[in-house]
Amino acid sequence: MTAVEHRRLMSQPSPANPKPDQPGVHESARRDKLRKIIRMGIDPWGSRFDQRTHIGDIRARAGEIKFRSEAGQYLEIPDVDGQPDLDFRQWLQQQGPGQLEGPAVRAAGRIVLQRKAGKLRFVDIQDWTGKIQLFIGKQQVGDADFELAENFDLGDIVGVDGQLWRTKTGELTILAEKLHFFCKSIEPPPEKHHGLQDPELRQRMRYLDLTYSDGVLQRFLQRTRIVQSIRQTLAQAGFCEIEGPTLHTIAGGAAARPFLTHHNALDMPLFMRIALELHLKRLLVGGIERVYELGRVYRNEGISPRHNPEFTMLEVYQAFGNYETMMDLTERIITDAIDAIGGGYQLPYGDQQIDFTPPFARKTYDQLFQESTGVAPDDHVGVREYAQRLGLEIANRHPDVIKNEVFEHQVEDRLQGPVFVIDYPASICPLTKRKADQPQIAERFELFIHGMEIANAYTELNDPDLQEELFKTQLDGMPEEDSMARMDHDFIRALRHGMPPAGGLGIGIDRLVMLLTNSPTIRDVILFPLMRPESSSAKS
RNA sequence: GAGGUUGUAGCUCAGUCGGUAGAGCAACGGACUUUUAAUCCGUAGGUCCUGGGUUCGAGUCCCAGCAACCUCACCA
């Protein structure tokens, strides 16, 4: 980046305050209430609140609510939530005089819905485990707290001490005895029936999407569980997590264009990493026999429903393993992750169903090629003609590269899977060891699910001379940005010191999460996907 | 990078043939101590994405730009 570009970037107006002009009706109404709360002697920005129970746990105690008759006898109440036809109001009348008694509870959450009925207010609050209704009666909480409740707005964060209880309609409710106030929301929330619909706003204002869109918070919590499960599976298998550098002097390990950045003090260009591979293999050389990194990589490529410029990648290396070791591990990582989020191995994806029951199918590259195209994979002329019919670029290209173009166009999209595609042509896999008895075949697999490449694994090449030669061949044949790898002399030097034979595996975490959470785009599983800045001409 | 679609109140959306800018939710005032998207009466709220053009007159038609989404390409 030039100094001029840098200054331009730094001087861009912040989008945080797009409307410095007069506050609108909503903001002034909310600021009025804010002032009233302060006048009541209450800190509108709250403080520590101990001994609170999560709403989900409170709801689980519904069974403890009893009916206490005037004679002092306790009576079980019917399962209101389990019987939608039950008229709870009628049931209460039949019991004669008495009242409901439930456990004392303390909750806090954001106000997502309010209903006012004279000297009575119903307020639905929500925390990250669920939602519950508060019954706030002037008589029950007293004048001061009721005045506080009159200054509640949708979006405020409040707390309550009260009794777990049911209203006459049977709704599980906290009968408020004491109110607390934690935060005033100055901005109004989205529309209460539809929430945020505009995908642009949902991504820019993810905090609103998380709070007000059904299933969004759950989906991101599931992502966390999946990642935790992966770490746990690898830890149990004896793998060691490390953190490699994200700033590289050579962007290697994958075929992708890197982001370029600059170190000022060293006055040196740097690349954001495009893969984890080469540093992890250096650690195999260093004796870390089972090693992995689960972290962000950056690729300066296009954006699509399946691509974000930064995404999360898992790479695993196991000394004395091979690609078959990695296949078993991949299956375990994925099935453990599914166990971690529950719901079984039949997962819906869009209008389809994906069966993750292990073992996943294993088919050779050539076998799938033949099945799908009807052309013999070693028939160079036939493959070339087939590629021509598809309109693919074939001039001056290696027969295996042409074959792979055909494979990517005709086979990959149709692999509903999960299916391990195994035994790739060696010429398109420069970092892969060949089969001992079939040197034209690389010991590699890719896992396809729903037409998406989810995992990629090799028996790693540890012959330094062959590795260097293959790097060179790759670099010779193509313009630099097309090449499968860039020459990394230090990596070759590491190999010359001796790397044990090993299996290596890469898994695209975002795509795996997409499949396991039934998310149609990668942006649905990335909290803050890359977006252009909001300009002054943009809406909102 | 190419093509298509969309952009109107805080949010969700209408807006006919080019002729005074609309609704619901949210907000404000009022009624209501068992509401469930509470209800009822009343009030306020607009850079129609931005900039040009055509026209007596543009939310609407034309051109350019911005942003998002979809498809394709690069890529995983």
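Naming: A, B, ... by sequence-line order, numbering from 1 per chain.
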**Prompt:** How would you label the contact of A:I303 with the nucleic acid (heavy atoms, under 4.0 Å): base, sugar-phosphate, or nothing?
**Reply:** base

**Prompt:** Hey, does A:L113 reach any base, or is it just sugar-phosphate, or nothing, if we go heavy atoms under 4.0 Å?
**Reply:** sugar-phosphate

**Item:** Closest to side chain of A:P199, choosing from B:A38, B:U12, B:C69
**Value:** B:C69

**Prompt:** Between atom CG of A:L505 and atom CG of A:L314, what is the distance when rounded to the nearest 0.5 Å?
**Reply:** 6.0 Å

**Message:** Say we look at B:C25 and B:G59: how far apart would their C1' atoms be, to the nearest angstrom?
**Reply:** 23 Å

**Message:** Please confirm whether the shortest side-chain N or O distance from A:K33 to OP1 or OP2 of B:C28 is below 4.0 Å.
**Reply:** yes

**Message:** If you only use heavy atoms from C-beta on, which nucleotide in B:C25, B:C28, B:U33 is closest to the side chain of A:E191?
**Reply:** B:C25

**Prompt:** Across the strands shown, which category fits A:D32 at heavy-atom distances under 4.0 angstrom: base, sugar-phosphate, nothing?
**Reply:** nothing

**Item:** CD1 on A:I526 to CG on A:N308, rounded to 0.5 Å
**Value:** 4.0 Å

**Asked** Say you draw a straight line from OG1 of A:T246 to OH of A:Y298; how long is it, rounded to the nearest 0.5 Å?
**Response** 5.5 Å

**Rounded interatomic separation in angstrom, taking NE2 from A:H26 and C1' from B:A9** = 9 Å

**Asked** Should we count NZ of A:K66 as having more than 12 external heavy atoms under 6.0 Å?
**Response** yes

**Asked** With a non-hydrogen cut-off below 4.0 angstrom, is A:G302 in contact with a base, only sugar-phosphate, or nothing?
**Response** base

**Message:** What's A:P189 touching, base or sugar-phosphate or nothing? Going by heavy atoms closer than 4.0 Å.
**Reply:** nothing

**Residues A:D209, A:R202: salt bridge by 4.0 Å N-O rule** = yes

**Prompt:** Of all the nucleotides listed (B:C70, B:A26, B:A76), which has the minimum atom distance to the side chain of A:P305?
**Reply:** B:C70

**Item:** Between B:U39 (P) and A:K116 (NZ): distance, integer Å
**Value:** 13 Å

**Asked** Under 4.0 Å between a side-chain N or O of A:R115 and OP1 or OP2 of B:U35?
**Response** no

**Message:** Roughly how many Å apart are B:U34 and B:G22, using the C1' atom of each and rounding to a whole number?
**Reply:** 36 Å

**Request:** Could you tell me whether A:M531 contacts a base, only the sugar-phosphate backbone, or nothing, with contacts defined as non-hydrogen atoms closer than 4.0 Å?
**Result:** sugar-phosphate

**Nucleotide nearest A:L201 (side chain, heavy atoms from C-beta), chosen from B:C74, B:U33, B:C11** = B:C11

**Prompt:** What's the CD1-C1' distance between A:I507 and B:A76, to the nearest Å?
**Reply:** 13 Å

**Asked** Using purine N1 to pyrimidine N3 plus N6-O4 or O6-N4 for Watson-Crick, or N1-O2 and O6-N3 for G-U wobble, both under 3.5 Å, which nucleotide pairs with B:G45?
**Response** none

**Complete:** Partner of B:C25 under the Watson-Crick or G-U wobble criteria, both distances under 3.5 Å, comes out as B:G10

**Sugar-phosphate only, base, or nothing, as touched by A:Q139 at under 4.0 Å among non-hydrogen atoms** = base

**Prompt:** With a 4.0 Å cut-off on heavy atoms, is A:G195 in touch with a base, just the backbone sugar-phosphate, or nothing at all?
**Reply:** sugar-phosphate

**Fill in**
Result for 5'-nearest mapping on RNA chain B, choosing between A:Q133 and A:L154, is A:L154

**Fill in**
Between OH of A:Y458 and C1' of B:A76 the distance, given in whole Å, is 11 Å

**Item:** Whole-angstrom distance between B:C69 and B:U47, as gauged at atom C1'
**Value:** 24 Å

**Message:** Let's see if you can work this out: which of B:C28, B:A68, B:A76 has an atom nearest to the side-chain heavy atoms of A:R511?
**Reply:** B:A76

**Request:** Hey, which sits more toward the 5' end of RNA chain B by its nearest nucleotide, A:R306 or A:T521?
**Result:** A:T521

**Request:** Rounded to whole angstrom, note down the C1' distance from B:C48 over to B:G7.
**Result:** 10 Å

Measure all distances between protein nitrogen or oxygen atoms and nitrogen or oxygen atoms of nucleotides 42-46 of chain B, and list the pairs falling under 3.5 Å.
none

**Prompt:** Which value, in whole Å, describes the distance between the C1' atoms of nucleotides B:G4 and B:C41?
**Reply:** 48 Å

**Message:** Please report the distance, rounded to the nearest Å, between CZ in A:R202 and C1' in B:C11.
**Reply:** 14 Å

**Message:** What's the gap between B:A26 and B:U33 when it is taken at their C1' atoms, as a whole Å value?
**Reply:** 25 Å

**Request:** State the pairing partner of B:U5; accept Watson-Crick or G-U wobble contacts with both distances under 3.5 Å, and report none otherwise.
**Result:** B:A68

**Asked** Which whole-number value in Å describes the distance from A:R204 CZ to B:C66 C1'?
**Response** 11 Å

**Request:** Quickly work out the A:R273 CZ to B:A76 C1' distance and round it to whole Å.
**Result:** 15 Å

**Fill in**
The nucleotide from B:U12, B:C28, B:U34 with an atom nearest the side chain of A:R89 is B:U34

**Item:** For A:F445, ring pair (Phe, Tyr, Trp, His ring centres under 6.0 Å) partners two or more places apart
**Value:** A:F420

**Message:** Is the base of B:A38 stacked against the aromatic ring of A:F122, taking ring centres under 5.5 Å apart and planes under 30° as the test?
**Reply:** no

**Message:** Strictly below 4.0 Å: does A:R532 bring a side-chain N or O up to OP1 or OP2 of B:A68?
**Reply:** yes

**Message:** Using the rule side chain to side chain donor-acceptor pair (under 3.5 Å), only one of A:N151, A:D153, A:D156 pairs with A:K33; which is it?
**Reply:** A:D153

**Message:** Rounded to the nearest 0.5 Å, what separates atom CZ in A:R511 from atom CG in A:L516?
**Reply:** 14.0 Å

**Asked** Do the side-chain N or O atoms of A:K138 get closer than 4.0 angstrom to the phosphate oxygens (OP1, OP2) of B:U33?
**Response** no

**Asked** Is there a side-chain polar atom (N or O) of A:R166 under 4.0 Å from OP1 or OP2 of B:U35?
**Response** no

**Request:** Hunt down the Watson-Crick or G-U wobble partner of B:U35, both distances under 3.5 Å, from any strand shown, or write none.
**Result:** none

**Message:** So, taking the atom named CG in A:L208 and the one named CD in A:E187, what distance separates them when rounded to the nearest 0.5 Å?
**Reply:** 9.0 Å

**Message:** Taking B:C13 as the reference, what is the distance to B:C17 when you measure between their C1' atoms (whole Å, please)?
**Reply:** 23 Å

**Message:** I'd like to know if A:R204 pairs up with A:D198 as an ion pair, taking the criterion as any Lys NZ or Arg NE/NH1/NH2 lying under 4.0 Å from an Asp or Glu carboxylate oxygen.
**Reply:** no

**Asked** If you check the A:T167 side chain, which of B:C69, B:U35, B:U12 turns out closest?
**Response** B:U35

**Request:** Verify whether one side chain among A:S519 and A:D524 offers a donor that lies under 3.5 Å from an acceptor in the other.
**Result:** no

**Message:** Can you check the distance between B:U60 and B:U50, where both ends of the measurement are the P atom (answer in whole Å)?
**Reply:** 10 Å

**Message:** As an exercise, state the distance from CD of A:Q410 to CG of A:L368, rounded to the nearest 0.5 Å.
**Reply:** 13.0 Å

**Request:** Describe the nucleic acid contact of A:K119 in one word from base, sugar-phosphate, nothing, applying a heavy-atom distance below 4.0 Å.
**Result:** base

**Prompt:** Counting only Watson-Crick or G-U wobble pairs whose two distances fall under 3.5 Å, which nucleotide matches B:C17?
**Reply:** none

**Gap between atoms CD and C1', on A:E301 and B:C74 respectively (whole Å)** = 5 Å

**Request:** Check every strand shown and say whether A:A117 touches a base, only sugar-phosphate, or nothing at a heavy-atom separation below 4.0 Å.
**Result:** base

**Message:** For a quick check, tell me whether the side chain of A:E171 and the base of B:U35 share a donor-acceptor pair closer than 3.5 Å.
**Reply:** no

